[in-house]
Amino acid sequence: MNIFRLAGDLSHLLAIILLLIKIWKTRSCAGISGKSQILFAIVYVSRYLDLVTTFISVYNTFMKLVFISTSVATIYLMYVKFKATYDHNHDSFRIEFLLVPCFLLALLINNAFTPLEILWTFSIYLEAVAILPQLFLVSKTGEAESITSHYLFALGSYRALYLLNWIYRYYAEGHYDLIAIFAGAIQTILYCDFFYLYITKVLKGKKLQLPA
Amino acid sequence: FSDEDDHDEL
């Protein structure tokens, strides 16, 4: 554990908490992509199957359980409790266009051809692109509430901080995982346009609104 | 692709 990794995990946790607060306080999931939330739930479940096979640390187990349970809770809030506020019409990204290629790529490029390892690899590839339905929704509506922007900023920062963690670990421990590094770089790049808007608009007190 | 079997990251 190093400072970048811890900051990344805390940023990830903050993102999830911000999202739950937004939905709970406003009693609405308007502006949030249910498709992205479903993809994240698939990511956590397929990645954290090692909960039952490998014990790494109390911290590791605790965080995995938190990510799985909060992601299920988010889906419950969106599709059951506050279903009436869910923006079906704008959330029209076809997730099979992400799920199928990620799974095929995981079958082709993986660390080991075993069920758990393929699912882990699939989850890494899928996480890299899981935010696309959300970014697509923001581009369709042309705006995002400020708390939704904070959520996206924290979520994007998490993998960017992991990139620093991987650089640190490569030099400090000689540890590296090319699949995670490659996918993490793609994941971070996808947020760059949003980061730019966040820094130039939201941090200056303006609403995140895309140019018409 | 990796030097370790266990994935210790989240």
Side-chain angles (χ1 to χ4, degrees), chain A residues 1-2 4-6 8-13 16 43-44 46-51 53-57 59-68 108-112 114 116-117 119-121 123-124 127 158-159 161-163 165-166 169-170 173-184, chain B:
Chain A
M1 178 68 77
N2 58 66
F4 305 115
R5 162 78 201 282
L6 182 64
D9 287 349
L10 292 179
S11 179
H12 192 186
L13 193 60
I16 292 168
V43 164
Y44 301 136
S46 53
R47 185 176 309 166
Y48 300 156
L49 290 171
D50 66 354
L51 271 173
T53 60
T54 316
F55 177 78
I56 292 165
S57 65
Y59 171 83
N60 192 281
T61 301
F62 174 75
M63 293 296 262
K64 285 174 174 172
L65 291 173
V66 168
F67 290 147
I68 292 175
L108 285 174
I109 304 175
N110 51 59
N111 290 323
T114 61
L116 270 187
E117 195 58 32
L119 284 170
W120 178 87
T121 311
S123 84
I124 292 286
E127 186 188 353
Y158 134 71
R159 224 50 177 175
L161 288 161
Y162 257 69
L163 288 179
N165 157 57
W166 290 323
R169 289 191 72 177
Y170 177 72
E173 305 163 24
H175 168 95
Y176 66 96
D177 184 329
L178 287 180
I179 287 177
I181 293 169
F182 174 73
Chain B
F1 282 101
S2 169
D3 61 343
E4 274 177 39
D5 295 319
D6 291 340
H7 302 294
D8 61 349
E9 291 170 342
L10 295 165

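Predicted model only: the values in this text are computed from it and were never measured. The chains referred to below are lettered A, B, ... by the order of the sequence lines, with proteins before strands, and numbering in each begins at 1.
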### Task
Let me know if Tyr44(A) has heavy atoms under 4.5 Å from chain B in its side chain, its backbone, both or neither.
neither

### Message
I want to check something: taking the side chain as every heavy atom from C-beta on, are Leu116(A) and His7(B) in contact at a cut-off of under 4.5 Å?
### Response
no

### Task
Output yes when Asp8(B) and Arg5(A) qualify as a salt bridge under the 4.0 Å nitrogen-oxygen rule, no when they do not.
no

### Query
Is there a side-chain contact between Lys64(A) and Leu10(B) (heavy atoms, below 4.5 Å)?
yes

### Query
Any chance CZ of Phe55(A) has more than 12 other-residue heavy atoms, nucleotides or ligands included, within less than 6.0 Å?
yes

### Task
Kindly indicate whether the side chain of Asn60(A), heavy atoms from C-beta on, has any atom under 4.5 Å from the side chain of Glu9(B).
no

